Amino acid sequence: MTGTSPFAPRGTAQEIEEGTTFSPKFDRDGLITAVTTDAKTGELLMVAWMNAEALARTVETGEAWYWSRSRNELWHKGETSGQVQTVIELRTDCDQDTVWLKVDVAGDGGCCHVGYRSCFYRRVPKGEPAKLEATGATKLHSHEH
């Protein structure tokens with residue numbers, strides 16, 4: 001994107017919280033949190049980041065785009081894996097500083113680069129802050145680092 005944002009400028013608190021204008025609030029790094037769930041089941045698939053360009057492309061194309069902080073680049077989810085995320089619904093929270101994507105996932109349905117359907121395949125047992133344990137999730141495909 002060039003210097004022009006396709007989104008509305010931020011208005012008053014009332015306009016942001018209860019209005020009908022989409023004016024997302026990006027953090028100081030130009031990013032907004034994106035929570036992604038399965039449109040049919042509600043399963044949490046991933047939490048990622050979007051910059052203004054990724055969010056605009058997501059709205060324009062109907063497919064999920066993210067900003068990879070580790071690679072410092074725009075990322076079209078599924079471009080290489082085939083796990084394209086078709087956006088069924090895109091919501092924002094009351095402050096418009098987070099977006100929620102409800103998606104259908106193509107390919108094998110996986111969303112995690114490690115090979116699982118969801119990025120949330122481990123849990124921290126209560127009372128054991130330094131431990132992780134498997135949730136029983138099945139790996140869909142192998143991952144090579």
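Keep in mind the model is a prediction, meaning the values are calculated, not measured.
Taking the side chain as every heavy atom from C-beta outward, V84 and E79 never approach each other to under 4.5 Å. Residues F120 and L45 have side chains not in contact (no heavy-atom distance under 4.5 Å, counting atoms from C-beta outward).
The CD1 atom of I32 lies 13.5 Å from the CG atom of D29; values are rounded to the nearest 0.5 Å. Atom OG in S70 sits 8.0 Å away from atom NE2 in H113 (nearest 0.5 Å). Taking NE2 of H76 as the reference point, atom CZ of R57 lies at 9.5 Å (rounded to 0.5 Å). To the nearest 0.5 angstrom, Q96 atom CD is 4.0 Å from S23 atom OG. Rounded to the nearest 0.5 Å, atoms CG (L90) and CH2 (W100) are 11.0 Å apart. In this structure, the separation between CZ on R122 and CG on L132 is 5.0 Å, given to the nearest 0.5 Å.
Atom CD of E18 has 12 or fewer heavy atoms from other residues, nucleotides or ligands within 6.0 Å. Within a 6.0 Å sphere centred on CD of Q14, heavy atoms belonging to other residues, nucleotides or ligands number 12 at most.
Ring planes of F22 and F7: perpendicular class, angle over 60° (limits at 30 and 60°). Ring geometry for W75 versus Y66: interplanar angle of 30 to 60°, hence tilted.
Tracing side-chain contacts under 4.5 Å through hydrophobic residues (I, L, V, M, F, W, Y), one reaches L31 starting from W65; they form part of the same cluster.
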Evaluate side-chain hydrogen bond (donor to acceptor under 3.5 Å, both in side chains) for T33 paired with W49, printing each intermediate quantity in order. CA-CA 5 Å; T33 304; W49 297 94; 6.0 Å; no
What verdict does the side chain to side chain contact (heavy atoms under 4.5 Å, CB included) test give for V114 and Y121, after you've listed the backbone C-alpha separation in whole Å, the side-chain angles of each residue and the deciding distance to 0.1 Å? CA-CA 10 Å; V114 177; Y121 55 89; 3.9 Å; yes
Stepwise, does the side chain to side chain contact (heavy atoms under 4.5 Å, CB included) test hold for R91 with K102? CA-CA 8 Å; R91 295 186 183 191; K102 295 181 180 188; 3.4 Å; yes
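Here the side chain of T21 pairs no donor or acceptor atom with the backbone of A8 at under 3.5 angstrom. Checking side-chain atoms of E15 against main-chain N and O of T12 turns up a donor-acceptor pair under 3.5 Å. Side chain of T86 to backbone of G62: no donor-acceptor contact under 3.5 angstrom is found.
Contact record, V87 with A64: CG2-N, 3.9 Å, taken as the closest heavy-atom pair. Nearest approach of L44 to T37, heavy atoms of both residues: CA-CG2, 4.0 Å. Residue V124 comes nearest to P129 through the heavy atom pair CG1-CA, 4.2 Å, listed as atom of the first residue, atom of the second, then distance.
The pair R117-D38 meets the salt-bridge criterion, with a side-chain N (NZ, NE, NH1 or NH2) lying under 4.0 Å from an Asp/Glu carboxylate O. We find that K40 and D104 are joined by a salt bridge, their nearest charged nitrogen and carboxylate oxygen being less than 4.0 Å apart.
With respect to F26, the side chain to side chain contact (heavy atoms under 4.5 Å, CB included) criterion is satisfied by exactly one of L55, D97, N51: L55. Remark: of the listed residues E89, K77, M50, M46, M50 is the sole one forming a side chain to side chain contact (heavy atoms under 4.5 Å, CB included) with L101. No option in V103, T36, V105 other than V105 meets the side chain to side chain contact (heavy atoms under 4.5 Å, CB included) test with C111.
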